[in-house]
Colleague: 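Starting off with a structure, shown below.
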2 protein chains.
Amino acid sequence: MISSDLLKGSLKTIVLKLLKEEGPMHGYAITRKTEELSGGKIKLTYGAIYPLLHKLKNEKMLVTASEIINNRVRIYYALTPKGHSLVDEKIKELKEFIDSIQLVIDPPKGISYA
Amino acid sequence: MISSDLLKGSLKTIVLKLLKEEGPMHGYAITRKTEELSGGKIKLTYGAIYPLLHKLKNEKMLVTASEIINNRVRIYYALTPKGHSLVDEKIKELKEFIDSIQLVIDPPKGISYA
DNA sequence: TTGCAATATATAAAAAACTTATATATAATG
DNA sequence: CATTATATATAAGTTTTTTATATATTGCAA
């Protein structure tokens, strides 16, 4: 299980990327899928995921469609065009971040700025 | 320049790792070195770095030694044994995190849990 | 048939981390 | 003389996330 500190800041990126790859999803399914894909390492909390989805909808990054399955409400979230652009941007940022942080915590041997 | 959202949560790991690799450093030097190693991509702010150093000292992860250079105070921070254990733990977590998040944003082809 | 686990969403209160702005002080450079 | 670099500090505010709680249905097992 990943320290939740590290998850901060990448939650939004994970959610957006999943919606891009999998198509419209509801909040509960997003937490399930993330857990699956990460082999149980990443667990999103509902207190984080639902407010985030509401916020992204407010910002016009997502739109919703409701459905009733077995007398239970499901709210599917789908990317808007604006949301699609945001995913691409966020993924780029995340990859840059991973590269940069690896340079810091594991500098290539032979390179020294001292 | 990396989105500051992503930096949240890994700031502590960066600082601890640098102290492990480079030996005792002062706050200003930590920000400089991080910028250097990341090729200018990661810029730590003083409002984040100094409170963090104080906190880690409070928690007995770091000890300090002051020095006067050119009439300016420098406060060197060094890892305690407890701090050394924390670095190892944090680095392990960070690597696990990077692996996990890559599984989520870029799942290996052919693998599906659906 | 009762209770628990899974499904599904929601929100309030609190904590934590970080940004922004500000303050102070010296030295070097143009 | 003004700006940039060095060096630390902290208060106020924002944002994000955790924790806790609430609601409701379905399915399974004891």
Side-chain angles (χ1 to χ4, degrees), chain A residues 1-16 24-36 40 42-59 61-62 64-77 90 93-94 97 101 113, chain B residues 1-16 24-36 40 42-59 61-62 64-77 90 93-94 97 101 113:
Chain A
M1 174 71 174
I2 296 297
S3 153
S4 61
D5 281 6
L6 289 169
L7 223 41
K8 295 180 185 183
S10 39
L11 175 59
K12 190 189 285 187
T13 306
I14 290 173
V15 169
L16 290 168
M25 298 177 86
H26 54 102
Y28 189 77
I30 291 172
T31 69
R32 286 287 79 77
K33 190 72 185 176
T34 301
E35 207 178 326
E36 258 177 22
I42 299 181
K43 293 187 188 184
L44 311 181
T45 61
Y46 305 127
I49 196 94
Y50 289 113
L52 174 62
L53 289 170
H54 299 334
K55 194 184 164 232
L56 287 170
K57 187 187 176 184
N58 254 14
E59 295 169 353
M61 300 297 174
L62 304 176
T64 55
S66 293
E67 196 186 19
I68 307 274
I69 299 280
N70 288 341
N71 289 319
R72 279 196 228 90
V73 177
R74 262 192 201 169
I75 305 171
Y76 284 90
Y77 289 85
K90 282 280 163 194
E93 264 178 19
L94 182 56
F97 169 70
I101 204 156
Y113 301 84
Chain B
M1 174 74 174
I2 296 297
S3 152
S4 63
D5 282 7
L6 290 169
L7 224 40
K8 293 180 186 183
S10 39
L11 176 58
K12 189 189 285 185
T13 305
I14 290 173
V15 169
L16 290 167
M25 296 177 88
H26 53 103
Y28 188 75
I30 291 172
T31 69
R32 285 287 80 78
K33 190 72 184 176
T34 302
E35 208 179 325
E36 258 178 26
I42 300 183
K43 293 186 188 187
L44 311 181
T45 61
Y46 304 126
I49 197 93
Y50 289 113
L52 174 62
L53 290 170
H54 301 333
K55 195 186 164 228
L56 288 170
K57 187 189 175 182
N58 254 14
E59 294 169 355
M61 300 299 173
L62 303 177
T64 54
S66 292
E67 198 187 18
I68 308 273
I69 299 279
N70 286 341
N71 291 317
R72 277 197 229 93
V73 178
R74 262 193 203 167
I75 305 172
Y76 283 90
Y77 289 85
K90 282 282 162 192
E93 264 179 17
L94 182 56
F97 169 71
I101 203 155
Y113 302 84

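Here is how names work: the chains are called A, B, and so on, in the same order as the sequence lines, proteins then strands, and each is numbered from 1.
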Colleague: Between A/Asn70 and A/Gly9, which residue's closest nucleotide on DNA chain D lies nearer the 5′ terminus?
Modeller: A/Gly9
Colleague: Measure CE/B/Met25 against P/D/dT6 and give the value in whole Å, please.
Modeller: 13 Å
Colleague: C/dA16 phosphate, OP1 or OP2: any side-chain N/O from B/Lys55 under 4.0 angstrom?
Modeller: no
Colleague: A/Lys8 NZ to C/dT19 P: how many Å, rounded?
Modeller: 13 Å
Colleague: Rounded to whole angstroms, how far apart are CG on B/Leu7 and P on C/dC18?
Modeller: 8 Å
Colleague: Who passes side chain to side chain contact (heavy atoms under 4.5 Å, CB included) against B/Pro24, sequence neighbours left out?
Modeller: B/Tyr76, B/Ala78
Colleague: Which parts of nucleotides 6-12 of chain C does protein reach within less than 4.0 Å, heavy atoms only, written one letter per nucleotide 5' to 3' as B for base, S for sugar-phosphate only and - for none?
Modeller: SBSBBB-
Colleague: Could you tell me which residues satisfy side-chain hydrogen bond (donor to acceptor under 3.5 Å, both in side chains) with B/Thr64, sequence neighbours excluded, listed by chain and number?
Modeller: B/Lys57
Colleague: Can you sort out the partners of B/Lys90 under side chain to side chain contact (heavy atoms under 4.5 Å, CB included), two or more places apart, ordered by chain and number?
Modeller: A/Ser3, A/Asp5, B/Lys12, B/Thr13, B/Leu16, B/Leu86, B/Glu93
Colleague: Return the set of residues passing side-chain hydrogen bond (donor to acceptor under 3.5 Å, both in side chains) with B/Tyr28 (not counting sequence neighbours), or none when no residue passes.
Modeller: B/Arg32
Colleague: Just to be sure I understand the rule, does A/Leu11 reach a base, reach only the sugar-phosphate, or reach nothing, if contact means heavy atoms closer than 4.0 Å?
Modeller: sugar-phosphate
Colleague: So does A/Asn71 get a side-chain nitrogen or oxygen closer than 4.0 Å to the phosphate oxygens (OP1/OP2) of D/dT26?
Modeller: yes
Colleague: Report yes if the side chains of B/Leu56 and B/Glu59 come closer than 4.5 Å at any heavy-atom pair, otherwise no.
Modeller: yes
Colleague: A/Asp5 has an atom CG; how far is it from atom C1' of C/dA16, in whole Å?
Modeller: 9 Å
Colleague: Residues in side chain to side chain contact (heavy atoms under 4.5 Å, CB included) with B/Ile68, at least two apart?
Modeller: B/Val73
Colleague: Specify the separation, in whole Å, of atom CG of B/Leu53 and atom C1' of D/dT10.
Modeller: 14 Å
